[in-house]
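Worth knowing before you read on, the calculation uses all heavy atoms, side chains too, and leaves out hydrogens, waters and symmetry mates. Lettering follows sequence order; numbering is per chain, from 1.
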There are 2 protein chains.
Amino acid sequence: MASVSNRVARGYDRRMSPAPIPDLFPSLATLSADSRALLEASVTRIACAGGTPLVARGDLVTGAYLVERGALRVYYVSAEGREGTLYWVEPGQSCILALNCMFSRLAYPAWVESEGATEVTIVPGDVYRRLFASEPAVQSFTFDVLSGRLFELMALIEETASQGLEARVAAFLLRRAKGGAAVAVTQDQIARHLATSREVVSRVLRGLVARRLIATTQGRITIVDPPALRGLAE
Amino acid sequence: MASVSNRVARGYDRRMSPAPIPDLFPSLATLSADSRALLEASVTRIACAGGTPLVARGDLVTGAYLVERGALRVYYVSAEGREGTLYWVEPGQSCILALNCMFSRLAYPAWVESEGATEVTIVPGDVYRRLFASEPAVQSFTFDVLSGRLFELMALIEETASQGLEARVAAFLLRRAKGGAAVAVTQDQIARHLATSREVVSRVLRGLVARRLIATTQGRITIVDPPALRGLAE
DNA sequence: AACGGGGTGTGACTTTGGTTCCAGCCTCGG
DNA sequence: CCGAGGCTGGAACCAAAGTCACACCCCGTT
């Protein structure tokens, strides 16, 4: 805890190997002894607090990011400066665009920041490439991650194109609540996730409060009527 | 030619193997003899005219689609019935969502139709899976296709979110023209690609005509001032 | 030559969401 | 206890784009 915030003082901390391979990635447990040793010897680990910028658009990313704790938020920034979240990389997942850039040596097309206290293990590009070539587990892991993202992005496109802001806010709240009733989030954060402005979010929330679907306090939204909210989100 | 339109009379034609493996896919040329034989013996080929519906949302897709001629248009349909194109699969490319569904046995999340007279080779799911496991060429081909689509979709999201309709129409025309000056497309088709309505497209085009960037006739748009149009599209 | 159907042009209106601006409100630190 | 700064509420206004309702035009067919 204390060490995390210390690291944050200088952005983030790159602790060199040896670093343990996270248990979160079961497919890595099936690697051959050689591969495992190679992996153990080459990974780097990063720990950082929420809101730390990790990748900017155009950066040349050279490794695969495996998230252990916290989350990575992958987002774009429009010409007018509005942000929109493309997706989150949660514990046990990998940042796929990083993989992508790594293989094709392309510049990263989006921004990435940490959300909450986050720990990430980084596998260097050449190591990952070797593992991908020889280890079926890595191949299928890579495939799964990539195709999962594709589905998410397709769903996002459809959602933004065909649903009004109210439905999108409702969906966002439900996703964030994960079954619970309270969501700790500010209006400004919602606006940044949905690529709109804080005032508009305020207006939408006002409407939901008036209809007794939610209740709001500072930095926290409580879902009062989950079924109705789900109905809105379709 | 004649045979194509004959086939179209009953939708499309499934010609069973033996079918040659298309030259368009160089990576397939590097397969082992065994793999190549397996592939040759199992592929199916489809030929159809433009506008033939090939996959509907929710279909269970069981093969990898390799496009040889024409194109596949992958699109979504919003609740209000508006269509929007997600991407095109051109000759030498593969329909990646099909791959995806094939591996994970998920239902296909979008619609697919042919655009122009089209020929597609279909590799059955289990065959592709075996090839993916053993052939490095297939692994990297799959990876490339998937990650290419990811980049395209990210670009699409950013474009729709941050650019006005005029810029998007301009970009669409330029993409379609491919360097040439004339684009054979109706306003209605443009509207369907960009998930908007015909009237709005008409309005936008009117503006472009007034500024002498393009000229329009029935079913055909001529780009008069390419640099200015590129400027609009950013 | 008349007809019919797809493609197009256009105005008027509505809706949604973005912008501006400001006032009030929590809450943490001094 | 007070002030600063982040958070919220809300009015007024504006702009972009979707909708509705037509009239027209081009072109191949009858």
Under-4.0 Å side-chain N/O to phosphate OP1/OP2 contact, B:Thr196 with D:dG18: yes
Given C:dG7, C:dT10, D:dC7, the nucleotide with the shortest approach to the side chain of B:Ser202: C:dT10
Separation of D:dA17 C1' from A:Leu165 CG (nearest whole Å): 15 Å
A:Arg192 CZ to D:dC7 P, straight-line distance once rounded to whole Å: 9 Å
Any A:Gln187 side-chain N or O less than 4.0 Å from OP1/OP2 of D:dG9: yes
Sugar-phosphate, base or nothing in reach of B:Arg168, heavy atoms under 4.0 Å: nothing
Whole-Å distance separating the CD1 atom of A:Ile221 from the C1' atom of D:dT8: 11 Å
Basic-acidic side-chain contact under 4.0 Å: A:Glu90, A:Arg175: no
Out of C:dT8, D:dG9, C:dT19, whichever nucleotide has its closest atom nearest the side chain of A:Ser197: C:dT19
Short side-chain N/O contact from A:Thr216 to OP1 or OP2 of D:dC7, under 4.0 Å: no
Side-chain donor or acceptor of A:Ser114 paired with backbone N/O of A:Ala49 under 3.5 Å: yes
Length of the line joining B:Arg203:CZ and C:dC13:P, which is rounded to integer Å: 14 Å
Separation of atom CD in B:Gln218 from atom C1' in D:dG28, rounded to whole Å: 12 Å
Residue-phosphate contact under 4.0 Å: B:Arg206 side-chain N/O, C:dG11 OP1/OP2: yes
Sub-4.5 Å side-chain heavy-atom contact between A:Glu234 and A:Glu159: no
Between D:dC25 (P) and B:Asp188 (CG): distance, integer Å: 21 Å
Sugar-phosphate only, base, or nothing, as touched by B:Arg220 at under 4.0 Å among non-hydrogen atoms: nothing
Residue whose closest nucleotide on DNA chain C lies nearer the 5' end, B:Gly219 versus A:Val204: B:Gly219
Separation of D:dA16 P from B:Leu194 CG (nearest whole Å): 18 Å
A:Val112 vs A:Asp59 side-chain heavy atoms within contact, under 4.5 Å: no
Interatomic distance, B:Glu80 CD vs D:dA17 P [rounded to whole Å]: 16 Å
B:Arg198 side-chain N/O to D:dA17 phosphate OP1/OP2 under 4.0 Å: no
Plane angle bin for A:Trp111 and A:Tyr75 - parallel if under 30°, tilted between 30 and 60°, otherwise perpendicular: parallel
Sugar-phosphate only, base, or nothing, as touched by A:Glu199 at under 4.0 Å among non-hydrogen atoms: base
